[in-house]
Q: 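Quick one: the structure is below, questions incoming.
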Amino acid sequence: MPQTHSFDLLLRNARLRGGQGLQDIAVRQGRIAAIGPDLTGTAALEEDAGGRLVLPGLVDTHIHLDKSCLLCRCRDAGGGLKGAIAAVSGLKRAFTVEDVYQRGARTLERAITQGTMHMRAHVELDPLVGLRSFEAMMRLKRDYAFAIDLSVCVFPQEGMTHDPAVEQLLARALAEGADLLGGCPYTDADPSLQMERIFALAVAHDVDLDFHLDFDLDPTWSHLEEICRRTVAAGWQGRVAVGHATKLAAIDDAALERMIALLAEAGVGVTALPSTDLYLNGRDQTHRAPRGVAPVHLLADGGVTVSVATNNVLNPFTPFGDGSLIRMGNLYANLMHLGPERFGDCLDMVSTTAARLMRIADYGIAVGGQADLIVLDADDEADAFGGIATPLMGFKRGRKSFVRPAATLVR
Ligand SMILES: [Zn+2]
């Protein structure tokens with residue numbers, strides 16, 4: 001006779017952020033059923049966190065799986081952002097579904113074993129690549145659903161308003177299951193028209209929006225105000241995010257205050273992509289080069305929903321990347337001169353507030369919440385974040401989804 005258990009998973013001796021003492025976490029049917037010291041009951045799977053820090057699965061709000069792992073095909077990024085776009089554009093025609101799937105899977109598996117459990121993948125659609133990258137992404141979404149919720153955001157990297165075929169591709173992808181829509185006005189011949197059409201498409205398909213925006217350090221023009229205005233006009237507050245927005249690093253304090261108030265009022269979220277932003281911005285300076293990363297912690301202080309995310313991995317936009325969001329948050333804190341008193345805020349940007357930006361329901365370690373849990377090889381928050389602790393294991397909806405044993409010395 002099969003034994004009946006009161007829980008599917010009992011994770012014992014977990015240290016929670018801001019909590020006192022060690023807690024057990026009990027999971028039933030993918031949800032957290034109880035949290036407390038020395039819980040009684042039996043479970044189909046019982047694991048001991050050994051006093052280590054347990055976090056909810058991390059959230060990567062902005063990554064390009066379709067063009068990751070391309071360093072072996074093109075190494076040169078000497079041309080900055082324009083050069084990187086041109087380099088990948090030259091390769092895209094040869095992308096096959098299988099090729100995108102294999103490279104995407106490699107990056108996805110790295111991210112999963114670094115503790116990421118929710119991800120928004122930005123996928124390029126245009127006549128060069130057609131729907132092949134999108135098709136690969138939908139396969140990845142299905143095949144890795146045991147470990148990660150992949151949200152597919154389709155967008156026109158190469159411009160949209162010059163060719164009606166681009167909008168048709170976007171509409172087709174939305175009809176075939178894309179989760180949301182992105183935009184990239186700065187590469188469009190008519191940026192304002194692109195924003196108008198993208199908002200109209202989003203409203204027609206009832207999907208959220210995530211724009212690549214204001215990705216340079218020229219403070220004399222910006223698309224951010226127009227995005228805020230269109231967000232309010234469409235009634236899309238809380239459903240629009242922008243990535244990069246690095247112009248926010250190049251304006252004075254008074255202008256920044258004004259933009260923070262506008263973004264908070266319009267409910268537009270902002271994602272900093274420190275690895276790419278640092279690598280591509282400020283290349284015209286030979287010394288005292290600016291960092292060129294949006295100061296999203298200041299935006300968060302002003303009530304804006306913010307995240308820090310990966311963007312590109314091992315390609316001409318960013319020839320770096322191991323999929324670790326804790327490393328990315330750590331990089332952000334390091335470059336913004338943020339010490340341990342703000343480590344918790346930076347951890348939020350790859351977990352709690354990132355989840356808010358993606359409107360993930362029931363996120364976090366609380367009774368009734370989704371049982372997405374990772375165990376880090378650290379016994380407190382400051383050590384985990386400052387020391388870029390390794391995730392040792394993860395549970396997606398209460399089911400073990402990866403293990404990553406700690407390194408051991410062999411004397
Ligand atoms: Zn991007």
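As the structure lists them, so they are numbered: ligands from 1, and atoms in each ligand from 1.
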Q: Can an N, O or S atom be found in N311 less than 2.8 Å away from the Zn ion (ligand 1)?
A: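 Checking the Zn ion (ligand 1) against N311, an N, O or S atom does fall under 2.8 Å.
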Q: Return the name of the atom in H62, of element N, O or S, nearest to the Zn ion (ligand 1).
A: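 The atom in question is NE2.
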Q: Would you say the ring centers of F211 and Y186 fall short of 6.0 Å from each other?
A: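 No, the ring of F211 stays outside the 6.0 Å limit from the ring of Y186, centre to centre.
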Q: With the Zn ion (ligand 1) as the reference point, give the N/O/S atom of H212 that is nearest.
A: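 Per the distance ranking, H212 contributes NE2 as its closest N/O/S atom to the Zn ion (ligand 1).
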Q: Just checking, is any N or O donor in the side chain of N315 or H64 under 3.5 Å from an acceptor N or O on the other one?
A: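 Distance-only check fails for N315 and H64.
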Q: Look at the aromatic rings of H244 and F215 and report parallel, tilted or perpendicular, splitting at 30° and 60°.
A: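 Parallel: the ring planes of H244 and F215 meet at under 30°.
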Q: Going by distance alone, is a donor N or O of one side chain under 3.5 Å from an acceptor N or O of the other, for Y101 and E135?
A: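 No, E135 and Y101 have no side-chain donor paired with an acceptor closer than 3.5 Å.
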